[in-house]
Amino acid sequence: VQLQASGGGLVQAGGSLRLSCAASGGIFRIGAMGWYRQAPGKQRELVASISIGGTTNYLDSVKGRFTISRDNAKNTVYLQMNSLKPEDTAVYYCSADIMGRPSFQGGDYRSYWGQGTQVTVSS
């Protein structure tokens with residue numbers, strides 16, 4: 001299983017970016033998906049998550065600005081980031097809980113991570 005993230009870049013404050021993360025390889029079912037970020041000298045933090053049923057959760061500082069969504073047919077999760085601020089600058093990582101085979105065949109969810117994509121917001 002691989003997660004491939006894309007969409008990062010350099011943007012001015014107030015601008016927008018859309019991150020994408022596609023999962024591939026040996027997937028039976030994808031559970032929760034999410035986006036994390038890690039700024040220099042700081043711990044990695046959960047930015048947003050979305051359940052298999054579409055329930056979302058957000059870090060307080062991004063509520064109203066970021067929107068997480070998923071396309072189950074494409075095994076892809078998105079993060080639409082609007083009104084970006086310099087403090088949003090970080091490496092963004094996607095994560096997904098993936099089951100490789102049905103539970104009756106011994107399958108269980110395992111967490112996978114994408115490679116990270118840099119988001120830089122200039123003031």
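What's counted below: heavy atoms across the whole structure, side chains too, no hydrogens, waters or symmetry copies. Everything quoted here is computed from the prediction, not taken from an experiment.
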*asked:* Would you say Val91 ends up clustered with Val47 if hydrophobic residues are merged whenever their side chains have heavy atoms under 4.5 Å apart, either directly or through other cluster members?
replied: no

*Measure the spacing between OG of Ser83 and CZ of Arg65 and express it to the nearest 0.5 Å.*
7.0 Å

*With hydrophobic residues grouped by side-chain heavy-atom distances under 4.5 Å, do Ile68 and Val62 end up in a single group?*
yes

*Test item: Gln80 and Ser16 side chains (from C-beta on) under 4.5 Å apart, heavy atoms*: yes

*Apply the test side-chain hydrogen bond (donor to acceptor under 3.5 Å, both in side chains) to residues Gln118 and Thr120: give CA-CA distance (whole Å), side-chain angles for both, the deciding distance (0.1 Å), then the verdict.*
CA-CA 6 Å; Gln118 177 71 46; Thr120 302; 3.3 Å; yes

*Beyond-backbone contact of Gln4 with Gln115, side-chain heavy atoms, under 4.5 angstrom*: yes

*For Arg110, look at atom CZ and say whether over 12 heavy atoms of other residues, nucleotides or ligands are found less than 6.0 Å away.*
no

*Side chains of Leu3 and Ile98: closer than 4.5 Å at any heavy-atom pair?*
yes

*Between Lys85 and Asp88, is there a salt bridge with N-O shorter than 4.0 Å?*
no

*asked:* When you group the ILVMFWY residues by side-chain heavy-atom contacts below 4.5 Å and let the links chain together, are Ile30 and Trp113 in the same group?
replied: no

*Asp71 vs Thr76, side-chain hydrogen bond (donor to acceptor under 3.5 Å, both in side chains): CA-CA, chis, key distance, verdict*: CA-CA 5 Å; Asp71 184 333; Thr76 299; over 6 Å; no

_Does any part of the side chain of Tyr36, heavy atoms only, come nearer than 4.5 Å to the side chain of Ser95, both counted from C-beta?_
yes

*Show your working on side chain to side chain contact (heavy atoms under 4.5 Å, CB included) between Arg37 and Leu59 and close with a plain yes or no.*
CA-CA 11 Å; Arg37 68 186 181 188; Leu59 183 68; 3.6 Å; yes

*Would you say Arg29 and Tyr109 make side-chain contact, with heavy atoms under 4.5 Å?*
yes

*Which heavy atom in Ser123 sits nearest to a heavy atom in Ala13, and how many Å separate them?*
CA-CB, 4.4 Å

*asked:* If we ignore hydrogens and angles and just use 3.5 Å, is the side chain of Arg44 paired with the main-chain N or O of Gln38 as donor and acceptor?
replied: no

_Same cluster (ILVMFWY, side-chain, under 4.5 Å), Met81 and Val11_ = yes

*Does any non-hydrogen side-chain atom of Arg18 lie less than 4.5 Å from one of Tyr78?*
yes

_With a 6.0 Å cut-off (strictly less than), is the heavy-atom count around CD of Gln105, excluding the residue itself, greater than 12?_
yes

_Can you tell me if Glu87 has over 12 outside heavy atoms packed within less than 6.0 Å of its CD?_
yes

_Test item: Thr67 and Leu79 side chains (from C-beta on) under 4.5 Å apart, heavy atoms_ = no

*Is the ring centre of Trp35 less than 6.0 Å from the ring centre of Phe66?*
no

*With distance as the sole criterion, is a donor-acceptor pair present between the side chains of Ser111 and Asp97 under 3.5 Å?*
yes

*Flag yes if Tyr58 and Leu17 sit in one hydrophobic cluster, no otherwise; membership is Ile, Leu, Val, Met, Phe, Trp, Tyr, and two members link when side-chain heavy atoms are under 4.5 Å apart.*
yes

*So, does Ser51 use its side chain to make a donor-acceptor pair with the main chain of Thr55 at under 3.5 Å?*
yes

*Kindly indicate whether the side chain of Thr117, heavy atoms from C-beta on, has any atom under 4.5 Å from the side chain of Leu19.*
yes

